[in-house]
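This report concerns only the one structure given below.
Order of the sequence lines sets the chain letters (A, B, ...), proteins ahead of strands, with each chain counted from 1. These numbers come from the heavy atoms of this one structure, side chains and all, not from hydrogens, waters or symmetry mates.
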Amino acid sequence: MTFRAYFSLQWQRLWHAPKTIALTVIALLASLFFAIHVAPQFVPTQAVDSAAIQTSKQKHMLYIDHYKENVTTKPMYAALMSGPAKTYEAFVKQENASLQAIKAGDFAKYAGAQQKWLALLDQQIWVIGDDRSYSYPPVYYADGVDFPKIPGHYWNNETQARFKALATRKHVTKAEVETRTATQTLQRGLTSGLALLLLAFLVLLGNDVISRDHRHHTVLAAIPLTAGQALLAKALVLLASYLVIVLSCGLICFGIIAARDGTGWQTPLAIFTGTHTVSMRTSNRFTTMPGWQFTLEAIVLLVVAAWLFIRLIELLGAFSRSEYVALAGGLGLLVVEQAYCQQDIGAVHPWLAWLPTGFFDFGAILSGYQNFRYGTENFTFGTAFLMLVTCWLVVEVLLFSLTHRKNYQLVR
Amino acid sequence: MLTLNDISLDFPTKKQVIDHLSLALDGGQIVGLVAPNGTGKTTLLRVILNELQPKEGSVTIDGLQYTSQANARRIHRKLCSFPVQDDLFNDLSGLAHLRYYCDSWGADRAKLPALIEELQMINYVKNPVHTYSLGMRQRLCFAMVVASDAPIMLLDELMNGLDPVNVELVSKVLLRLKGQGKLLLMVSHLLPNLEAYADQVLFMQDGRFALTVLPKDARPQFLRVATGVLDGANEAKLRMLGATEIGGALFIDSARVAEVAPLLKKADGSLLPFAIGPQSLVDHYHVVYGEA
């Protein structure tokens with residue numbers, strides 16, 4: 001009864017706090033802005049674009065025609081051109097297939113042709129190496145990348161895996177090919193840092209979870225509840241409120257995108273299974289999972305990570321009695337790994353892949369991109385779950401030791 | 001019910017705020033705690049609540065001591081302290097506060113409407129607390145403690161900010177709670193009010209109980225004459241008879257009224273104004289703490 005009363009009071013207080021209201025409004029507006037304005041403007045790397053395919057085909061055909069003209073008149077010259085000409089014929093075959101598929105509105109067939117086209121492209125760039133006349137699309141790269149082939153190869157293979165899976169399906173939409181469906185947008189967002197942003201939002205929402213009680217000392221201090229029980233009630237309030245905000249904003253955003261481009265529940269999402277980049281030469285290390293599974297796994301990891309961070313900021317707050325320490329500690333843990341792993345900063349050692357900080361970006365883990373960054377296979381849904389739970393247990397032991405001291409007072 | 005066992009407490013800046021203080025109190029009584037500001041009354045309540053830990057001694061409530069967090073929780077189920085009105089949640093309603101205290105102590109919510117009516121809070125109890133006046137907030141704080149239905153209630157400066165009508169209203173509730181067997185430990189500066197309903201009044205000085213007054217019990221009777229009423233010679237004679245001056249009045253044992261009566265007689269045979277009765281708490285206050 002006391003626990004429920006305390007939970008109820010903390011719930012009411014949290015939802016009356018101007019900070020909670022402000023953060024909720026910001027999250028809601030940001031979701032609407034993203035769903036209505038930003039998401040439709042997304043430019044896919046492999047857009048369904050007849051004109052672009054036609055241009056590429058014409059370029060290839062020009063070379064092939066030139067080769068054919070010289071076969072009889074300049075056989076020596078033509079011999080030199082025969083290799084590229086054969087390659088271009090292979091490209092043109094897939095370009096024709098792609099164009100026909102677009103015309104027929106058969107996007108499964110289109111995906112199959114494009115996968116083969118991408119495989120040819122990758123072979124020219126990755127396998128042939130420096131002696132190449134192709135490059136991956138510029139959007140594959142980030143500024144300051146020292147080894148520009150690798151991200152391009154990664155994303156090429158990612159698209160191939162996706163297209164290969166799409167090609168096996170009976171009905172495929174243009175939105176699925178262009179990764180515009182709601183689950184695909186979710187995957188893209190989570191891989192690009194949304195997961196860390198969601199956890200940072202939680203830290204902002206709850207950093208004063210302990211210190212805000214100081215102003216109400218005499219109302220809260222002598223309630224018949226142990227410090228541990230009070231902390232648990234606060235944590236549950238924070239988790240419930242956080243999930244209400246995040247899931248409702250997420251649902252609104254998801255709903256708008258789904259209404260426009262489909263949910264993508266069954267759409268295969270490409271997942272990098274992970275290894276060292278060198279091994280990518282020999283095998284495609286991508287697999288796929290349906291959108292619903294990715295969404296489900298993302299929600300599970302979000303809840304586990306959120307619970308870990310709630311207990312962590314409670315520990316920092318209970319120990320320091322300062323909302324600023326909880327804020328700095330929570331945000332610091334989220335950005336430290338990102339800062340370290342910025343390319344060209346520091347060295348990536350294998351043991352770094354086992355640091356808890358690498359497991360907070362659960363979006364990158366689920367899509368496999370974290371494995372790519374670290375050149376490892378460590379980061380999976382299972383290991384992320386175990387690591388987050390282990391960290392939570394460590395935090396729980398520390399909280400227990402702190403709050404079970406004889407005269408410890410949560411509010412003072 | 002509540003026992004303080006030889007409690008001592010020092011602050012870094014002040015030694016012996018509480019000095020080997022012992023006390024045993026049972027339920028069904030109102031106990032007043034009186035002392036000038038800054039002499040350890042609130043500190044003593046905080047020790048009882050375990051917010052401050054004594055250097056020596058212990059607090060025992062129904063056989064339980066603060067030996068663990070679990071025990072602290074068990075003890076806190078048995079006592080409820082009066083909140084400071086500045087600590088209320090301004091955005092929440094009075095009713096939300098009452099429900100919180102009621103549920104936290106496992107009391108019966110069905111009793112809340114009667115309590116709200118008894119303390120005349122119906123008109124504003126559903127409004128947010130930031131709309132309340134000082135007196136309304138104070139009444140809410142009291143209602144919260146009553147809503148808890150805890151066996152021991154620690155009431156620090158309960159009557160502050162209350163007008164005479166509300167003082168009377170609150171006093172009636174206090175008497176009802178006492179009748180229910182609760183122990184009400186009250187810190188108050190409203191001594192006449194305390195005198196009216198307290199069973200025991202403890203005067204704290206130098207960290208100890210300097211004086212215990214039982215207002216309800218038979219107490220020594222005194223004849224009381226205000227200073228300046230008698231002429232100089234008669235006043236000197238009264239002092240010679242053993243009268244003591246406390247707070248602007250001369251007191252002498254009522255057993256000596258026959259010796260004093262001639263001094264009070266005016267030339268026309270009538271008597272100068274005087275009173276016979278026990279010394280009031282205000283008088284005791286002056287005795288213990290001296291003149292202001």
Turns out that what part of A:Ser8 lies under 4.5 Å from chain B's heavy atoms comes down to neither
Before you tell me yes or no, could you show the steps for A:Leu220 and B:Phe89 under side chain to side chain contact (heavy atoms under 4.5 Å, CB included), namely the whole-Å CA-CA distance, both residues' side-chain angles and the distance that decides it to 0.1 Å?
CA-CA 11 Å; A:Leu220 295 169; B:Phe89 303 109; 4.0 Å; yes
For B:Arg77 and A:Thr2, does a side-chain donor sit closer than 3.5 Å to a side-chain acceptor?
yes
Checked B:Lys78, B:Glu51, B:His76, B:Gln69 vs chain A; the most non-hydrogen pairs under 4.5 Å come from B:Gln69
Is it the backbone or the side chain of A:Ile223 that comes under 4.5 Å from a heavy atom of chain B, or both, or neither?
both
Spacing of OG1 belonging to A:Thr226 relative to CG belonging to B:Asn71, to within rounding of 0.5 Å:
12.0 Å
Please answer whether the main-chain N or O of A:Val219 pairs with a side-chain N or O of B:Tyr101 as donor and acceptor at a distance below 3.5 Å.
yes
If the contact rule is any heavy atom under 4.5 Å from chain B, which residues of residues 382-391 of chain A qualify, in numerical order?
none
How many angstroms lie between CZ in A:Arg4 and OG in B:Ser104, if you round to the nearest 0.5 Å?
11.5 Å
Separation between CG of B:Asn90 and NE2 of A:His16, rounded to the nearest 0.5 Å
11.0 Å
Can you give me every donor-acceptor pair (side chain of residues 142-152 of chain B, partner residue at least two apart or in another chain, under 3.5 Å) with its distance?
{"unit_1": "B:Ser148", "atom_1": "OG", "unit_2": "B:Val145", "atom_2": "O", "d": "2.6"}
{"unit_1": "B:Ser148", "atom_1": "OG", "unit_2": "B:Ala150", "atom_2": "N", "d": "3.2"}
{"unit_1": "B:Asp149", "atom_1": "OD1", "unit_2": "B:Lys182", "atom_2": "NZ", "d": "3.0"}

Verdict with supporting geometry, A:Arg13 and B:Leu92, side chain to side chain contact (heavy atoms under 4.5 Å, CB included):
CA-CA 8 Å; A:Arg13 287 189 61 210; B:Leu92 301 187; 4.3 Å; yes
Is the shortest heavy-atom distance from the side chain of A:Leu9 to the side chain of B:Asp103 under 4.5 Å?
no
B:Tyr100 and A:Ala5: which non-hydrogen atoms are nearest, and at how many Å?
CD1-O, 3.7 Å
Heavy-atom cut-off 4.5 Å, strictly under: side chain, backbone, both or neither for A:Arg405 against chain B?
backbone
